Amino acid sequence: MRLSRYFLPMLRETPKEAEIASHRLMLRAGMIRQEAAGIYSFLPLGLRVLTRICRIIREEQDRAGAIELLMPTIQSADLWRESGRYEAYGKEMLRIKDRHDRDMLYGPTNEEMITAIFRSYVRSYKDLPLNLYHIQWKFRDEVRPRFGLMRGREFLMKDAYSFDLDFAGAKHAYNRMFVAYLRTFARMGLRSIPMVAESGPIGGNLSHEFIILADTGESEVFCHSDYLGFEVPGSDVDFESVKALQAIVDQWTSLYAATSDKHDAATYAKIPAERRLSARGIEVGHIFYFGTKYSAPMKALVAGPDGTERPVHMGSYGIGPSRLVAAIIEAFHDDAGIKWPEPVAPFRAVVLNLKQGAGETDRACEELYAALSARGVETLYHDLDERPGAKFAAADLIGIPWQILVGPRSLAEGKVELKQRSDGTREMLAPADVLARFGAEGV
RNA sequence: CGGAGUGUGGCUCAGCCUGGUAGAGCACCUCGUUCGGGACGAGGGGGUCGCAGGUUCAAAUCCUGCCACUCCGACCA
């Protein structure tokens, strides 16, 4: 992508409403634009990151055996009356009426709808286990939206719903998502810690929040510091193996870890003092087992091997991709801007032409840009007529992992400079060697 | 929902107390000089001062009401 033809409205000054780093940097880097309190447009650069995050989520959901579908944002109130939540959910639910004066709502979550889908097609235990998910916009009319995407009213959510014949099956379904979540966040460069959590309005009695440690996190958390050293399951995990998954979950729940809601000071005090970790965290995922809370009242029944019908056991599993954009920035930034981990970066490389309009640098940049693009390396070419300093600042701000600096100084030696955004390391390389770095073996 | 605060060109803000021709920096357009860490000069365009009432000869400025947004706390992917 040529910057001259892209839409990337960077801000030099920080809009006054932005308090935390991620919000500030997203606005400055031209990723988002606020439309109303807690409601944002994703501008092209922000959308690229969001899309990459969703791609990783999908890959791991699919790997764990979940199946994607797509449910609407608008739901009928009648569905929610069946579960009793239409009244129970409170003012957080945005209630609307259509032209026929029918009660509708903008979905804050989809347990009711997925249960309705399930019950209209599935009758037998032979169709289980089943896990259906979608990635869709949700609306929760928060009293106080804040911190940009961190606590918006409209937000993107991946929500999965599992269906099993009994608790044992449901527990395995829960474990699948548990392990998938560990992998999902790790692939984004994040260290997540599963913590015992309140189940809130979703209900149920088995629930974990996946927390990223960050100073700007909204939750106060307490855990054993050994969690920071645990190994994340590899891509070869056998999601069919009940025993293998249970072993992983057992390990990851073996030590104390709780949010302030569920914090037990006495248990925490038993951890050796040097292993106690008291910090703030960002909730990026939340998983629940809630049994027959919805299937019983909504009559989502399946026949078991003995022929009798029984309500299906369910769980639900949420990840906030839009919140993850912010969480990743909180974890990876410095004073100059964002430092994207490669798997979620909006572009992999940015070519900076330090003397736009000079034949030599223009030619070298064009060649590099064309060659990188041909190799499938997503590259942004900063081809605006700006001074080098402005280009450096812009590149650091938007945080693309690899900067390729092309100026007369290095070009005189037949070289360009490859700078890594994450640690600032620089190397002088011939253009051909830069290309080799981005070859099949990656950088 | 309790408490605090802010609305003035695209952005950051001054002006308001003490009413009298709407300002600055950045950004934008033109020309020139520049060019390895957010350049400089000259010229130019752009704002019914959140909205509605009121007071006054005169309101960005004073008064009343409303709206929007932000921050602190209680609740939440």
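Treat the numbers as computed from the prediction; the structure is a model and nothing was measured.
- Searching all strands for a Watson-Crick or G-U wobble partner of B/U64 with both distances below 3.5 Å returns B/A52.
- Taking the ring centroids of A/Phe178 and A/Tyr317, they lie at or beyond the 6.0 Å cut-off.
- With a cut-off of 3.5 Å on both Watson-Crick or G-U wobble distances, the partner of B/G20 is given as B/C57.
- For A/Glu220 and B/A74, the CD to P distance is 10 Å, given to the nearest whole Å.
- Across the protein-nucleic acid pair, A/Asp385 atom CG and B/A39 atom P stand 12 Å apart, rounded to whole Å.
- A sub-4.0 Å separation between OP1 or OP2 of B/G25 and a side-chain N or O of A/Arg12 is absent.
- Across all strands shown, A/Glu19 has heavy atoms under 4.0 Å from sugar-phosphate atoms exclusively, and none from any base.
- The nucleotide whose nearest atom lies closest to any side-chain atom of A/Arg426 is, among B/A74, B/G36, B/G38, B/G36.
- Distance check on atom C1': B/G2 versus B/C75 gives 13 Å, rounded to whole Å.
- Looking at every heavy atom in both residues, A/Phe392 comes nearest to A/Leu352 through CD2-CD1, 3.8 Å.
- Across the C1' atoms, B/A68 and B/A27 are found 25 Å apart, a figure rounded to whole Å.
- Only the C1' atoms considered, B/A52 is 15 Å distant from B/A59, to the nearest whole Å.
- Of all heavy-atom pairs between A/Asp362 and A/Tyr381, the closest is O-OH, 4.3 Å.
- Rounded to a whole angstrom, the distance from the P atom of B/A24 to that of B/G44 is 12 Å.
- Rounded to a whole Å, the CG atom of A/Leu11 is 12 Å from the P atom of B/C13.
- Within the nucleic acid shown, A/Lys138 has no heavy atom closer than 4.0 Å to any nucleic acid atom.
- Among the atoms of the strands shown, none is found under 4.0 Å from any heavy atom of A/Leu156.
- When Watson-Crick and G-U wobble pairs are counted only if both distances are under 3.5 Å, B/G2 pairs with B/C72.
- Nucleic acid contact class of A/Ser410 (heavy atoms, under 4.0 Å, all strands): base.
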For A/Arg58 and A/Tyr133, what are the C-alpha separation, side-chain angles and deciding distance, and is it a side chain to side chain donor-acceptor pair (under 3.5 Å)?
CA-CA 9 Å; A/Arg58 283 193 172 93; A/Tyr133 76 96; 4.7 Å; no
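- An OP1 or OP2 oxygen of B/G36 is reached within less than 4.0 angstrom by no side-chain nitrogen or oxygen of A/Lys419.
- Positionally, the nearest nucleotide of RNA chain B for A/Pro15 lies more toward the 5' end than for the other of A/Met150 and A/Pro15.
- A/Ala358 comes within contact range of no nucleotide atom at all, as no heavy-atom separation falls under 4.0 Å.
- Distances were taken from every side-chain heavy atom of A/Glu283 (C-beta onward) to each of B/G36, B/C72, B/A77; the shortest belongs to B/A77.
- The C1' atoms of B/G45 and B/G9 are separated by 11 Å, rounded to the nearest whole Å.
- The side chain of A/Phe288 lies closest to B/A77 when the candidates are B/A77, B/A74, B/G36.
- Nucleotide B/G47 forms no Watson-Crick or G-U wobble pair with any nucleotide shown, as no partner meets the under 3.5 Å limit on both distances.
- In this entry the distance linking CD of A/Glu17 with P of B/C69 reads 11 Å, nearest Å.
- Between A/Arg52 and A/Val49, every side-chain heavy-atom pair lies at or beyond the 4.5 Å cut-off.
- Listed nucleotides B/U70, B/A77, B/G38 differ in distance to A/Glu142; the shortest reach to its side chain belongs to B/A77.
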Please assess A/Phe118 against A/Tyr161 for the test ring pair (Phe, Tyr, Trp, His ring centres under 6.0 Å), listing each intermediate value before the final yes or no.
CA-CA 10 Å; A/Phe118 178 87; A/Tyr161 303 90; over 10 Å; no
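- Comparing the C1' positions of B/U21 and B/C66 gives a spacing of 31 Å, expressed to the nearest Å.
- For the pair A/Glu386 CD and B/C40 P, the interatomic distance rounds to 14 Å; values are reported in whole Å.
- A/Leu228 and A/Arg191 make their closest contact through O-CZ, 3.4 Å (heavy atoms, listed as atom of the first residue, atom of the second, distance).
- Counting any heavy atom pair closer than 4.0 Å across all strands shown, A/Glu417 reaches a base atom.
- For A/Arg387 and B/A39, the shortest distance from a side-chain N or O to OP1 or OP2 is below 4.0 Å.
- Taking atom C1' on both B/A14 and B/G47, the two are 15 Å apart, rounded to the nearest angstrom.
- In this structure, the CD atom of A/Glu413 is 13 Å from the C1' atom of B/G36, given to the nearest Å.
- Between A/Tyr289 and A/Tyr174, a ring centre-to-centre spacing not shorter than 6.0 Å is recorded.
- Counting any heavy atom pair closer than 4.0 Å across all strands shown, A/Arg28 reaches a base atom.
- With both pairing distances under 3.5 Å, B/C11 is matched to B/G25 as a Watson-Crick or G-U wobble pair.
- Nucleotides B/C63 and B/G25 are separated by 31 Å at their P atoms, to the nearest Å.
- For the pair A/Glu360 CD and B/G36 P, the interatomic distance rounds to 15 Å; values are reported in whole Å.
- Residue-level contact check: A/Leu354 touches the bases, meaning some heavy atom is under 4.0 Å from a base atom.
- Within the 4.0 Å cut-off from OP1 or OP2 of B/A68, not a single side-chain nitrogen or oxygen of A/Gln34 is found.
- Both A/Leu411 and A/Arg323 sit near RNA chain B, but only A/Leu411 has its closest nucleotide nearer the 5' end.
- Nearest nucleotide to the side chain of A/Val143, out of B/C1, B/G37, B/C72: B/C1.
- Look at B/U34: it lacks any Watson-Crick or wobble partner with both distances under 3.5 angstrom.
- Of the listed nucleotides (B/C71, B/U8, B/A77), B/U8 has the atom at the smallest distance from the side chain of A/Lys16.
- In this structure, A/Gln34 contributes its side chain and A/Ala36 its backbone to a donor-acceptor pair below 3.5 Å.
- By the 5.5 Å and 30° criteria, A/Phe392 is not stacked with the base of B/G36.
- For A/Phe185 and B/A77, the CZ to C1' distance is 10 Å, given to the nearest whole Å.
- If you check every strand for non-hydrogen atoms under 4.0 Å, A/Asp396 touches a base.
- Among the atoms of the strands shown, base atoms are found under 4.0 Å from some heavy atom of A/Gly152.
- Counting non-hydrogen atoms of neighbouring residues, nucleotides and ligands closer than 6.0 angstrom, the CG atom of A/Asp103 exceeds 12 such neighbours.
- Nucleic acid contact class of A/Arg33 (heavy atoms, under 4.0 Å, all strands): none.
- In terms of polar N and O atoms assigned as donor or acceptor, the side chain of A/Glu13 never comes within less than 3.5 Å of the base of B/G10 in a complementary pairing.
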